[in-house]
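Sequence lines set the chain letters: A, B, ... in the order given, protein chains first and strands last, and positions in each chain run from 1.
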Amino acid sequence: MPQYQLVRGMRDILPSATARWREIETTVIDVLSRYGYEEIRLPLLESTELFSRGVGEATDLVEKEMYTFPDRKGKSLSLRPEGTAGCVRACIENGLLHNRKQKLWYHGSMFRYERPQKGRNREHTQIGAEAFGMPGPDIDAEMLVMLARAFRDLGVASALTLELNTIGSAASRARHRQALVDYLTPHRDELDADSRRRLATNPLRIFDSKVPSTRAIVAAAPKLHDYLDAAAEAHFDDLRRRLDAAHVDHRLNPLLVRGLDYYTHTVFEWVTEALGAQNAVCSGGRYDGLVERLGGRAIPAAGFGMGLDRLALLHERSVSADYAQADLYLAVAAPEHASWASALAERIRDATPLRVLQHAGAGGLRSQLGEADRCGARWAAIVGDEEMAEECVSLKWLRDEQRPQAKLTVHALIDALLA
RNA sequence: GUGGGUGUAGCUCAGCUGGUAGAGCCCCGGAUUGUGGAUCCGGUCGUCGUGGGUUCAAAUCCCAUCAUCCACCCCA
């Protein structure tokens, strides 16, 4: 057993997985940039207050899941548990929202002190995006259309369902919340323990309870939908028409409530059945009041976070792919050919974009070709006495039995590799 | 934070009512002195998670602890 072990909830992403991760990341980032989103890079560490104020004091995320500690001068810092608060802070602080719109994306680790299980680690990686300054359903719709494209490009669309809901304006949400608390308080003793706790913290979540007796009480409770104002309904209807027109399938889930305080109006979640209990792969929504709450002007916004750890699990299930380490493996018949082969490898790298893996260390030609096979290379190039004498290379197609091995000049070799 | 399961080779796992550790895969070499994938032969790799206890003797029984997995909870 090793002397040092991973800190609980952290994870190593090993070479056998990183090629897949990289493919996922470049695919998603490419789609984002095709919709005009620009990258912003943000710190992992922020003042604790940013999250308690932005995400909400009473949320589970802030209440019990943050990595919080004092720095050397006693100031309370927290590892970011999510990306939106920090992004909004950076935008306000740098004047990015002054009289202009912004579409931004970021990529990186988030930290939450939770009990690890499948699809849930204490460090996880998200790609998130935020759109500032656009109040209408057009940007909500574009964001969802964009995500649908990203999931199609990734090859995981068939495993995902888009769930959608509106929670209305902050004002109508507050009215509903009060009505709900007024309705549930007389039934307080009949609720399960979790729901009693939520009555004070986040009563909307009581709708999610799986306890039958609680469900029976909740069935007659005031519905959020009945408290929506006309503008909120119009916004939501407009969004749904746009999604229909774009053929983005979605399912209404009136119980879908984001656990962070800042959400308003549109909320959404892409869920899968394939990953067990942790089924949300990407979720987000509008947060029209957050910029103001964090000290900026009243600027409407929408955004999402996408969990790459879960997306990678899903991708692994949905897309089988061979990620080769190299394109060409350069083998030598004997050690004295190695320096000539090195020069050849450099010429190939100069002339082509190929990944050229040159043999190093001990091992006969037989074992070198074994390595060539294992690294996934399409070709093996062999250098021996005969080749060196004739300034040639023997090229072997490892994945195509039909093509015979051929002795080629260096020029002909490069042409063959580029063909 | 709560409940349950599991820790033995790099990986997947076997190891009975205690007697001093095994298989398959992988890797290396050979059969094939310059040609991979198939087959056969040979070989390397273990603080049996950690600490303590019981015992002549512990991978095996007991206690503690750490890690891990699944679920609750929560979320990406």
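Using modelled atom types, one finds a donor on one side chain and an acceptor on the other under 3.5 Å when comparing Tyr35(A) with Arg149(A). For the residue pair Thr166(A) / Arg240(A), no side-chain donor-acceptor distance below 3.5 Å is found, with atom types taken as modelled. No side-chain N or O of Asp153(A) forms a donor-acceptor pair with one of Thr27(A) less than 3.5 Å apart. A side-chain donor-acceptor contact under 3.5 Å links Glu371(A) and Tyr329(A).
For Leu344(A), the side chain to side chain contact (heavy atoms under 4.5 Å, CB included) partners are Leu330(A), Trp340(A), Ile348(A), Val383(A), Val393(A), Val410(A), Leu413(A), not counting sequence neighbours.
Residues from residues 264-275 of chain A placing a heavy atom under 4.0 Å of any atom in RNA chain B do not occur. Only Asp60(A), Glu65(A), listed by number, bring a heavy atom of residues 59-69 of chain A to less than 4.0 angstrom from any atom of RNA chain B.
Among pairs with a residue in residues 260-287 of chain A, those fulfilling salt bridge (Lys or Arg N to Asp or Glu O under 4.0 Å) read Asp140(A)-Arg286(A), Arg258(A)-Glu269(A), Arg286(A)-Asp288(A), at least two apart in sequence or across chains.
Between Arg399(A) and Asp373(A) a salt bridge is recorded (basic side-chain N to carboxylate O distance below 4.0 Å).
Atom CG of Asp249(A) is surrounded by 12 or fewer heavy atoms from other residues, nucleotides or ligands within 6.0 Å. Under a cut-off of 6.0 angstrom, the local environment of NZ in Lys223(A) is crowded, with over 12 non-hydrogen atoms contributed by other residues, nucleotides or ligands.
One atom, OH of Tyr113(A), and another, P of U2(B), lie 11 Å apart when rounded to the nearest Å. One interatomic measurement links the two molecules: CG of Leu328(A) to P of G36(B), which rounds to 17 Å at whole-angstrom precision.
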- Task: Give the dot-bracket string for RNA chain B, reading 5' to 3', where a pair is Watson-Crick or G-U wobble with both distances under 3.5 Å, ( ) marks pairs inside the strand, [ ] marks pairs crossing earlier ones, | marks a partner on another strand, and . marks unpaired.
- Result: (((((((..((((.....[..)))).(((((.......))))).....(((((..]....))))))))))))....

Review item, nucleotides 67-69 of chain B N/O atoms under 3.5 Å of protein N/O:
residue	atom	partner	partner atom	Å
U68(B)	OP2	Arg8(A)	NH1	2.8

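Judged by distance alone, the side chain of Glu46(A) and the main-chain N or O of Arg80(A) form no donor-acceptor pair under 3.5 Å.
Side-chain atoms of Glu401(A) come within donor-acceptor range of the base of G37(B), with a qualifying N/O pair under 3.5 Å.
Using cut-offs of 30° and 60° for the angle between ring planes, the Phe304(A) and Phe268(A) rings count as tilted.
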